[in-house]
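What follows is a short report on a single structure.
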Amino acid sequence: QVQLVESGGGLVQAGGSLRLSCAASGRGFSNYAVGWFRQAPGKEREFVAAISWSGSSTKYADSVKGRFTISRDNAKNTVYLQMNSLKPEDTAVYYCARGIGRFGGWGRDEYDYWGQGTQVTVSS
């Protein structure tokens, strides 16, 4: 059984930074891509970033490109999302999810295990 636990969320002023962590339990985590998604109140859950199983390939939503960086440490079974230059529109619950393959996709249906989420609030 795979479990994902997000941490690192909180309240930050616009222009600030946060680093989210996604810690995984269960074997084989390093064989799969991992993605980050977010969901703001009243909106659909949307793709933020994804990283391949080895960390050699990453992809980002246009809205976060150049501000967010996804990385992973397979020895620690952990994926990170470094968020810089935060904006009020980044406010959402952030979820990490394990991909169904080695390279992460853009859609929610390409991920099978999900964490419970961590709240990020950016004040103006």
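- In this structure a side-chain-to-backbone donor-acceptor pair under 3.5 Å is missing from Tyr60 to Arg67.
- Remark: the backbone N or O of Ile51 is not paired with any side-chain donor or acceptor of Thr58 at under 3.5 angstrom.
- Phe37 has its ring centre less than 6.0 Å from the ring centre of Tyr111.
- Val93 and Trp114 end up in the same hydrophobic cluster when Ile, Leu, Val, Met, Phe, Trp and Tyr side chains are linked at under 4.5 Å.
- In terms of heavy-atom proximity, Leu11 sits nearest to Ser123 at CD1-CB, 4.4 Å.
- Annotation for Glu46: atom CD counts as buried by contact number, over 12 foreign heavy atoms lying within 6.0 Å.
- Lys43 is linked by a side chain to side chain donor-acceptor pair (under 3.5 Å) to nothing, counting only residues two or more places apart in sequence or in another chain.
- Nearest approach of Tyr95 to Glu6, heavy atoms of both residues: CA-OE2, 3.3 Å.
- Arg108 meets the side chain to side chain donor-acceptor pair (under 3.5 Å) test with Glu44; sequence neighbours excluded.
- Lys87 and Asp90 are not joined by a salt bridge, as no carboxylate oxygen comes within less than 4.0 angstrom of a charged side-chain nitrogen.
- More than 12 heavy atoms of other residues, nucleotides or ligands sit less than 6.0 Å from atom OH of Tyr80.
- Side chain of Thr78 to main chain of Lys76: a donor-acceptor pair is present (N/O by atom type, distance under 3.5 Å, no hydrogens or angles).
- Considering Thr121, Thr118, Val12 as possible partners of Leu18, the one that fulfils the side-chain contact (heavy atoms from CB on, under 4.5 Å) test is Val12.
- Dense packing is recorded around CD of Gln39, with more than 12 heavy atoms of other residues, nucleotides or ligands lying under 6.0 Å away.
- Proximity of a side-chain donor or acceptor of Lys59 to a complementary backbone N or O of Gly104 within less than 3.5 Å is detected.
- Val64 is not connected to Phe47 by any chain of hydrophobic side-chain contacts under 4.5 Å among Ile, Leu, Val, Met, Phe, Trp and Tyr, and they are in different clusters.
- Pairs engaging residues 93-104 under the salt bridge (charged side-chain N to carboxylate O under 4.0 Å, His left out) rule: Arg98-Asp112 [sequence neighbours left out].
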